Amino acid sequence: MKVYNFEDDPKQPLANIDEQYMQEALKLARKAFEEDEIPIGAIIVSNGKIIGKGYNMTERLNDVTAHAEMQAFTAAANYLGGKYLKDCTLYVTVEPCVMCAGASYWTQISKIVYGARDEKRGYSSIHEKIIHPKTIIQSGVLEKDCAELMMSFFRNKR
């Protein structure tokens, strides 16, 4: 006979699932930071599994489109074998730019969760309707950690 314990284990506190996945995106952002890339990381999750990852690689690849989100979209589409990312969630450390928001529209991704806002280049400062109308947006997940990494990067550049 199996016994199931439905009580919370005090040794293992249950963390918010969005925060857990954002921590994974932050790991990638830190990798970008170490490579002297703008520190943005992204993952795509489907059915509780990470199916795509990316971090900014614009300097390494000499490609202005090599943003974290674009890398993650490509990896997830390859994993699924199709271009649509319905029933998937994008976790990204910084609000997507207009290019990445536009790409998310075409993927028809179900949800976007981001950490810090990008006041200068984030999609919401330009036009919020660039995101697919069925896409759910959640902002501010681990916002302080995500913002601090970006501020630290640019402080070091100045």
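Since the model is a prediction, treat every value here as computed from it, not as a measurement.
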Quiz item: Given a cutoff of under 4.5 Å between side-chain heavy atoms of I, L, V, M, F, W and Y, with clusters grown through shared members, what are the other residues clustered with Trp106?
Solution: Tyr105
Practice problem: Would you indicate whether the side-chain heavy atoms of Thr107 and Cys88 approach each other to under 4.5 Å? | Solution: no
Exercise. Answer whether the closest heavy-atom distance between the side chains of Leu90 and Tyr114 falls below 4.5 Å.
Key: no
N/O donor-acceptor pairs under 3.5 Å from side chains in residues 67-74, not counting sequence neighbours:
from: His67; atom 1: NE2; to: Val64; atom 2: O; distance (Å): 3.2
from: Thr74; atom 1: OG1; to: Met70; atom 2: O; distance (Å): 3.1

Side-chain polar contacts of residues 29-42 - donor-acceptor pairs under 3.5 angstrom, sequence neighbours left out - could you list them?
from: Glu35; atom 1: OE1; to: Tyr55; atom 2: OH; distance (Å): 3.2
from: Glu35; atom 1: OE1; to: Arg60; atom 2: NH2; distance (Å): 3.0
from: Glu35; atom 1: OE2; to: Tyr55; atom 2: OH; distance (Å): 3.0
from: Glu35; atom 1: OE2; to: Arg60; atom 2: NH2; distance (Å): 3.4
from: Asp36; atom 1: OD1; to: Lys157; atom 2: NZ; distance (Å): 2.7
from: Asp36; atom 1: OD2; to: Lys157; atom 2: NZ; distance (Å): 2.9
from: Glu37; atom 1: OE1; to: Thr58; atom 2: N; distance (Å): 3.2
from: Glu37; atom 1: OE1; to: Thr58; atom 2: OG1; distance (Å): 3.4
from: Glu37; atom 1: OE1; to: Glu59; atom 2: N; distance (Å): 3.0
from: Glu37; atom 1: OE2; to: Glu59; atom 2: N; distance (Å): 3.1
from: Glu37; atom 1: OE2; to: Arg60; atom 2: N; distance (Å): 2.8

Quiz item: Which pairs with one or both residues in residues 106-115 pass salt bridge (charged side-chain N to carboxylate O under 4.0 Å, His left out), sequence neighbours excluded?
Solution: Asp18-Lys111
Quiz item: Which residue pairs pass the salt bridge (charged side-chain N to carboxylate O under 4.0 Å, His left out) test when at least one of the two sits in residues 135-154, sequence neighbours left out?
Solution: Glu148-Arg155
Quiz item: Roughly how far apart are Glu95 CD and Ser139 OG, rounded to 0.5 Å?
Solution: 8.0 Å
Self-check item: Rounded distance [0.5 Å steps], CE in Met150 versus OG1 in Thr93
Solution: 7.0 Å
Extract all donor-acceptor atom pairs below 3.5 Å that involve side chains of residues 43-54 and protein atoms in other chains or at least two apart in sequence.
from: Lys49; atom 1: NZ; to: Tyr79; atom 2: OH; distance (Å): 2.9

Quiz item: Taking only residues two or more places apart in sequence or in another chain, which ones pass side-chain hydrogen bond (donor to acceptor under 3.5 Å, both in side chains) with Gln108?
Solution: Lys86
Quiz item: Looking at residues at least two apart in the chain, or sitting in another chain, which of them share a side-chain hydrogen bond (donor to acceptor under 3.5 Å, both in side chains) with Lys83?
Solution: none
Self-check item: Check against side-chain contact (heavy atoms from CB on, under 4.5 Å), Ser104 and Ile112
Solution: CA-CA 9 Å; Ser104 79; Ile112 298 173; 3.7 Å; yes
Self-check item: With sequence neighbours excluded, residues passing side-chain contact (heavy atoms from CB on, under 4.5 Å) with Asp87
Solution: Ser110
Quiz item: Taking only residues two or more places apart in sequence, or in another chain, which ones meet Thr65 in a side-chain contact (heavy atoms from CB on, under 4.5 Å)?
Solution: Asp63, Met99
Quiz item: For Gln23 and Leu142, which heavy atoms make the closest approach, and how far apart are they?
Solution: NE2-CD1, 3.5 Å
Self-check item: Closest approach of Ala101 to Pro96 (non-hydrogen atoms, all atoms of both residues)
Solution: N-CB, 4.1 Å
Quiz item: With Tyr91, which residues qualify under ring-ring contact (aromatic ring centres under 6.0 Å, His included), at least two apart?
Solution: Tyr21
Quiz item: Do you reckon Met22 sits in the same ILVMFWY cluster as Ile17, going by side-chain contacts under 4.5 Å, direct or chained?
Solution: yes
